[in-house]
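Start at 1 and go down the list; that is how both ligands and their atoms are numbered.
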Amino acid sequence: MSGRLQAYSGQLAEGIAALGLALPQETVDRLLAFGELLLKWNKVYNLTAIRNPQEVITHHLLDSLAVLPHLGAVNRLADIGSGGGLPGVVLAIVHPGLIVTSIETVGKKASFQQQAKIELGLGNFGVLNKRVEQVQAEFLPGGAADGVISRAFSSLADFVNLSGHLVAEGGALYAMKGVNPADEVAALPAGWTVTETHALTVPGLDAERHLLVIRRA
Ligand SMILES: C[S@@+](CC[C@H](N)C(=O)[O-])C[C@H]1O[C@@H](n2cnc3c(N)ncnc32)[C@H](O)[C@@H]1O
């Protein structure tokens, strides 16, 4: 493989190990290939503010991977407002047993994700070019998902209000946040509660990261 990310493949491998993950080389290569696609198509599709290859490794790939140990027994995951496919494409790459449905309202971004699915051969990944509030649970493979995740999508209240109907009984919403948003937790709609808060350490990223798990009360 060649490309602008190749110089940082060692940093990616070290970051994966620091997260306590053991991934086959083929999977690491696919992560790099996805990062290359993000860099290559960013100008055309306006996917992300990040244009620095090293930051693609830390802010996109490793940041997305950091949630993996906390997804527990999730088998079917919906990623809401996934933009360029984050974290959904990354999670689909590293977890072939996980069925990921990405939901993104901007057509260009959804098209990019569809192209990435084809180029990377991701049979466990699909993308819906829709507003999440217009997606019915029946549109997801197998119906309502046992995990619904988002990064940089909305306030917790909006996340719950727009996406809560996609969570199966016993399932959870997973909100990837920077600083632990106490004000947003306090503003959660009735019937939903934060059951877990995980402070995440993302290798090479000097910023606070939290994963909040929200369930029906
Ligand atoms: C700030 S971006 C975050 C993208 C990606 N999750 C990431 O972390 O890089 C938020 C994304 O949510 C999408 N979005 C906003 N409202 C949406 C809605 N109601 N349904 C689906 N996608 C939505 C936007 O088009 C945008 O791509």
Below 4.0 angstrom from a heavy atom of [X], which ligand 1 atoms are there? Numbered from 1 as shown, please.
| X | answer |
| --- | --- |
| V106 | 25 (O) |
| F153 | 12 (O), 14 (N), 15 (C), 16 (N), 17 (C), 18 (C), 23 (C) |
| K109 | 26 (C), 27 (O) |

Q: Could you tell me whether S82 approaches ligand 1 through its side chain, its backbone, both or neither, with non-hydrogen atoms closer than 4.0 Å?
A: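 Near ligand 1, S82 shows its backbone, while the atoms from C-beta on stay back.
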Would you say [X] and ligand 1 have an N/O pair spaced under 3.5 Å apart?
| X | result |
| --- | --- |
| P87 | no |
| G81 | yes |
| I80 | no |

Gap between atom [atom2] of [Y] and atom [atom1] of [X] - 0.5 Å precision:
| X | Y | atom1 | atom2 | value |
| --- | --- | --- | --- | --- |
| H60 | I50 | NE2 | CD1 | 4.0 Å |
| Q114 | N129 | CD | CG | 10.5 Å |
| L31 | L23 | CG | CG | 6.5 Å |

(Q) Using the rule that Ile, Leu, Val, Met, Phe, Trp and Tyr join whenever any side-chain heavy atoms are under 4.5 Å apart, tell me whether V135 and V100 fall into a single cluster. (A)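 Result: no, two separate clusters.
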Q) F153 vs F159 aromatic rings, parallel, tilted or perpendicular, using cut-offs 30° and 60°? A)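 It falls in the perpendicular class, over 60°.
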Tell me the protein heavy atom at minimum distance from [atom], and give that distance in Å.
| atom | value |
| --- | --- |
| atom 20 (N) of ligand 1 | V132 N, 2.9 Å |
| atom 23 (C) of ligand 1 | T105 CG2, 3.5 Å |
| atom 8 (O) of ligand 1 | R151 NE, 2.6 Å |

Q. Quick one: which of E133, R131, H60, E104 has a heavy atom closest to atom 24 (C) of ligand 1?
A.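 Minimum heavy-atom distance to atom 24 (C) of ligand 1 goes to E104.
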**Q.** Options G83, S163, A152, ranked by nearest heavy atom to atom 3 (C) of ligand 1, top entry
**A.**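 Minimum heavy-atom distance to atom 3 (C) of ligand 1 goes to A152.
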Q: Check whether any heavy atom of K130 sits under 4.0 Å from an atom of ligand 1.
A: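 Yes, K130 has a heavy atom closer than 4.0 Å to ligand 1.
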Q. Heavy atom of L162 under 4.0 Å from ligand 1?
A.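 Under 4.0 Å: no for L162.
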Q: Please report the shortest heavy-atom distance between H59 and R151, naming the atom on each side.
A: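 Reported closest heavy-atom pair: O-NH1, 2.6 Å.
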Q | Distance-minimising heavy-atom pair for S163 and V132 | A |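 Closest approach of S163 to V132: OG-CG2, 3.9 Å.
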Q: Classify the side-chain pair Q113/E104 by whether it contains a donor and acceptor separated by less than 3.5 Å.
A: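 There is no such pair (donor and acceptor under 3.5 Å, judged by atom type) between the side chains of Q113 and E104.
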Q) Within a reach of under 6.0 Å around CD of E26, are more than 12 heavy atoms found that belong to other residues, nucleotides or ligands? A)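 Atom CD in E26 is not crowded, with 12 or fewer foreign heavy atoms closer than 6.0 Å.
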